Protein chains: 2
Amino acid sequence: MKQQTKKITRGAQRTLSAFSNAMSQALTQQSFEAVTVNNLCQQANYPRSTFYNYFEDKYDLLNYCFSLIVAEIHLNELAIGDEGQILLTCFDRLYDLIDQHKAYVAKVLVHNQDGFLLAGFTNYAQQVGQKLLVDKIAVVQELPAELVVAHCFATISMVLNWVFVKQNQLTKQDARLYLVRLYGKPGLAETK
Amino acid sequence: MKQQTKKITRGAQRTLSAFSNAMSQALTQQSFEAVTVNNLCQQANYPRSTFYNYFEDKYDLLNYCFSLIVAEIHLNELAIGDEGQILLTCFDRLYDLIDQHKAYVAKVLVHNQDGFLLAGFTNYAQQVGQKLLVDKIAVVQELPAELVVAHCFATISMVLNWVFVKQNQLTKQDARLYLVRLYGKPGLAETK
DNA sequence: TCAATTATTGGACACTCGTACAATTTTAAA
DNA sequence: TTTAAAATTGTACGAGTGTCCAATAATTGA
């Protein structure tokens, strides 16, 4: 997004929403790769100039979309805690979020099976998590907090990918079990 | 690569090498994003048509470059073993490989700091590893082998990123220690 | 309210992309 | 060596990209 600094007027908000909706809609009909800026402008009913007024390119818009979604899971309200708590809490919230929008996600995955979108999304979530958690997290072993958070999100991403993209039928309980086993730290209990 | 099936004649080999060299060279001068097919053709002294004869696009060429590099570490010669052995062996080989080409890597990283290249590379390595290891790996806990291998490579990638991209000064021994701690499985010894 | 500042829009530009196809060169077989 | 088949190359095309700038519209403060 080009205008982090400026205040967002009502008109600007309308424009941002129009484009993010256009992207969301476009992704149910074609792969992200196939989406063009022209597409989005047509869908959103704004000229190209306006698009480039707000966004660098379609990746930038995608990131904005991600930010809207990530905002929904309130990572900033995470309690201070140890690795395990944070791992499981983040996982739960992301899992529930995707699960809630199951129908939409299914439509998107028809044209986007390669995991690029989920990778991008969890990468975004990781960056947000990074900032919020690095100072909070209580690391069990002597490791840089940054590395631990990154690994935490990578592992979550892996399990979410296994469940939602590769579509292995798993209950949430089982998914959690996989997560904890993969993560492997002996200190973490395997049940809630 | 478009011509997996056909035999590679000497002429074709010359062309492939010319383009992969062109890519390698281009990456020391600009970001991958900035590299254009025209660039590569100019550098390699071949017409665009020839480029598209051999490759889908620049990503395809990049993958070919990766395949050349990955071939150097002989993943296919990996002994059958448990998770820990495979984790450490793969890590060692990738670490050594990058370390050997330290000077080149440094040049590339000047214009490619975002980790995209390393991510792509380890992703490629993972895919190769996936195929070779899924049937070999002895999984400690009840988890799909596919998931374990993916997690294994993701963790390796994370530490390599920490050392080589984020440029934290670490001895190989320490890097290995980080790897094992991150990976966290209690069964793995922390020393060689 | 009206002017001044700021934002949005339309159009043009130079560029890249990937494809298609005909002309040419290379390769391999007879 | 000659010829038929296959691969390579030149050229042109439609479509997309991102930038720039001037004209137009919208906000805001005086």
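Any value given below was found using the heavy atoms of this structure, including those in side chains, with hydrogens, waters and symmetry copies removed. For clarity, every value in this text was computed on a predicted model and none was experimentally measured. Letters A, B, ... are given to chains in the order of the sequence lines, protein chains preceding strands, and every chain is numbered from 1.
- What separates CD of A:Q42 from C1' of C:dT9 is a distance of 17 Å, to the nearest Å.
- For B:F55 and C:dC17, the CZ to C1' distance is 17 Å, given to the nearest whole Å.
- Between the CD atom of A:Q13 and the P atom of C:dT8 there is a distance of 13 Å, rounded to whole Å.
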Verdict with reasoning, B:L133 to B:L78, per side-chain contact (heavy atoms from CB on, under 4.5 Å): CA-CA 8 Å; B:L133 297 177; B:L78 273 188; 3.6 Å; yes
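- A:F116 is linked by a ring-ring contact (aromatic ring centres under 6.0 Å, His included) to A:F32, counting only residues two or more places apart in sequence or in another chain.
- Applying the ring-ring contact (aromatic ring centres under 6.0 Å, His included) criterion to A:Y95, with sequence neighbours excluded, gives A:F91, A:F164.
- Qualifying side chain to side chain contact (heavy atoms under 4.5 Å, CB included) partners for A:L68, counting only residues two or more places apart in sequence or in other chains: A:S20, A:Y64.
- A:D57 pairs by the salt bridge (Lys or Arg N to Asp or Glu O under 4.0 Å) definition with nothing, not counting sequence neighbours.
- For B:P47, the side-chain atoms get nearest to D:dT9 when compared with the rest of C:dT8, D:dT9, C:dT9.
- Atom P of nucleotide C:dT8 and atom CG of A:N45 are separated by 16 Å, given to the nearest angstrom.
- With sequence neighbours excluded, the residues that form a side chain to side chain contact (heavy atoms under 4.5 Å, CB included) with A:I69 are A:L97, A:F121.
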Base versus backbone protein contacts along nucleotides 15-27 of chain D [heavy-atom cut-off under 4.0 Å; B, S, -]: -SBBB--------
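- Rounded to a whole Å, the CG atom of B:L40 is 11 Å from the P atom of C:dG18.
- The CG atom of B:N53 sits 12 Å away from the P atom of C:dT19 (whole-angstrom rounding).
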